[in-house]
Every structure is written in C-alpha cells, then in structure tokens.
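Notes to accompany the following structure.
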Amino acid sequence: MKALFIKDILMLFKQKKTLLMMLILGVLYTMMDMGTFGIMFLGMMLMIFATSTISYDEFDNGNAFLFSQPFTRRQYTIEKYLLAMGGGAIGSVLGFVLTMIGGFIRRSGDFTIEELVDVMFAGMLFFCFISSFMLPMMLKEGAEKGRNSAYILFGVIFIGGVLGIKFIPESAKNSLISILESASPAVWIIGVVALVLIIAIVSCHISIRFMERREF
C-alpha cells in the first residue's frame, strides 16, 4: 500500500499548476474577510484533487497494467479512501492555519480559535462523509460516470430529506428537537463521529466488492 501512496502523490505533484492554483485561491480566501470559507474550500479542493487519481489510473486503459502489479484490489480501494479523506483533512488543517494568519494580519476578531477548531473538525467529518458517497460510485462505474452518479445521489438524498421533513407530523418534530436539545455536546460529538466512521467503513466494504468484481 505504501507504493500506491507514493504513486498517487507523485502523480498529483505532476499536476503542479492545478495544485498551485488551488492553493493560491485558498490563501486568498483565507486572507480575505470571508469567515471560515477558506477552511471548507481548501478541504473540498484537496479531497477532489485526491479522488482525481482514479481518473489518472484509468487513463489509456492504465488499470489493466496497474492491477497486474503485486497488490490486491482491497489494498487499492483502502488506499483511495485514505488518500481522499487525508486530502480533506490536510486541506481543513491548512485552511485553519491560513485563516488564523489572515485574521491576525487583518487584526480581525470575528471568530475565536475554538470556533475555527470546530469548523476544521466539522470539515474533516464532512469530507469523510462526502468521500464515502463519491468513491463507491467512482470505483464501480469509472471516475467520470461515478462522479455524475454521486451528484445525482446527493440531489436525491437532499430532496428526499426536504420532503421527509415536510411530511413529518409536528408532534414528532417537536419530540425529536427536544431529544436533540437535551443531549450534551459530548454525546453529539461522539454520535456524529461514530456515525461518519460507520458510514465510511460500510462504504469501503461496498467499494471493495465493486472493485473485486470489475474487469479491466
């Protein structure tokens, strides 16, 4: 798996212009008075940049050669998950640091360190969640088709959620709100982290099955 990480990192560094442009935009957003947007922007861009390695692997029927090498499809899949989630985490941390520096330069106290830390960790969980939906589609159908399928799935989930909330009885809504408000912050954090991790693990197992069935 170490060799897969090295391959993908070297592949990403070959796209120096794209990476540099994303970093420049991220620096500009974090230095301007745009709140915490820079944290989320850099996290999202680095996560998407990491998942783009799937496209490079597929280019010119490259998977046929790639999977003749001494690693398993399970290792390949796990590496893609770690790379995508690691990209989102690194982008969030980088955005946090740059936002702190930008706030210091502007002498702006709009956000406390605690609030920025909360946004950074929320971003990490969010990108982990997004990766868990995107990667199975991309690994099953190919990078381009999978990305489009993931966008459609997000849309269906969003619309389903809106409609579900609309048709839930008011009594059920009030009961749910009261339960959520009574929970302590620690319970919230543990619950959300556990939920995201479970989704990621289930997603990874599904992706492994997809990869084991694919023919190149």
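Keep in mind that this is a model prediction, so the values were computed, not measured.
- At least one side-chain heavy atom of M47 sits under 4.5 Å from a side-chain heavy atom of M134.
- Inter-residue side-chain proximity for D57 and K7 is flagged as met; some heavy-atom pair is nearer than 4.5 Å.
- How far CD1 of I24 is from CE of M21: 5.5 Å, rounded to the nearest 0.5 Å.
- Connection of V117 to M40 is established within a shared hydrophobic cluster, with ILVMFWY side chains joined at heavy-atom distances below 4.5 Å, either directly or through further cluster members.
- In this structure, the side chain of Y76 does not engage the main chain of L4 through any donor-acceptor pair within 3.5 Å.
- Among all heavy-atom pairs drawn from T77 and C204, the shortest one is CG2-O, 4.1 Å.
- Hydrophobic clustering, with ILVMFWY side chains joined whenever heavy atoms are under 4.5 angstrom apart, groups I9 together with L135.
- Of the inter-residue distances, the one linking M100 atom CE with M120 atom CE reads 10.5 Å to the nearest 0.5 angstrom.
- Nearest heavy-atom pair across G91 and L46 is CA-CD1, 3.4 Å.
- Around the CZ atom of F71, the shell of radius 6.0 Å holds more than 12 heavy atoms that belong to other residues, nucleotides or ligands.
- Atom NZ of residue K14 and atom CE of residue M11 lie 7.5 Å apart, to the nearest 0.5 angstrom.
- Taking CD1 from I206 and CE from M137, the interatomic distance works out to 9.5 Å, rounded to the nearest 0.5 Å.
- Rounding to the nearest 0.5 Å places SG of C128 at 8.5 Å from CD1 of I199.
- Here the shortest heavy-atom pairing between S131 and P136 reads O-CD, 4.1 Å.
- Residues E79 and F5 are in side-chain contact: their nearest non-hydrogen atoms beyond the backbone lie under 4.5 Å apart.
- For the pair L42/S92, no side-chain contact is recorded, criterion being any heavy-atom separation below 4.5 Å from C-beta on.
- In the hydrophobic clustering of ILVMFWY residues, with side-chain heavy atoms under 4.5 Å counting as a link, I90 and L25 come out together.
- Between the side chains of S203 and Y81, at least one donor N or O lies within less than 3.5 Å of an accepting N or O.
- Contact between L12 and F49 at its shortest, heavy atoms only, is CD2-O, 3.3 Å.
- No side-chain heavy atom of I39 sits less than 4.5 Å from a side-chain heavy atom of L98.
- Two residues are said to be in side-chain contact when any heavy atoms from C-beta on lie closer than 4.5 Å; T51 and L83 fail this criterion.
- Between L19 and M22 the shortest side-chain heavy-atom distance falls below 4.5 Å.
- Follow the hydrophobic side-chain contacts under 4.5 Å out from V196 and you reach I189 in the same cluster.
- Taking a 6.0 Å sphere around CZ of F121, one finds it holds 12 or fewer heavy atoms contributed by other residues, nucleotides or ligands.
- F133 and I198 are not part of a single hydrophobic cluster, where members link through side-chain heavy atoms under 4.5 Å apart.
- To the nearest 0.5 angstrom, T72 atom OG1 is 9.5 Å from F67 atom CZ.
- V93 has its side chain within reach of M124: a pair of non-hydrogen atoms, C-beta onward, lies under 4.5 Å apart.
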Apply side chain to side chain contact (heavy atoms under 4.5 Å, CB included) to M85 and F129, showing your working. CA-CA 9 Å; M85 295 175 184; F129 177 78; over 6 Å; no
For D8 and K80, run side chain to side chain contact (heavy atoms under 4.5 Å, CB included): C-alpha distance rounded to whole Å, both residues' side-chain angles, the deciding distance at 0.1 Å, then the answer. CA-CA 9 Å; D8 283 343; K80 292 301 181 187; 2.9 Å; yes
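- Without hydrogens or angle criteria, Q69 side chain to L66 main chain gives no donor-acceptor distance under 3.5 Å.
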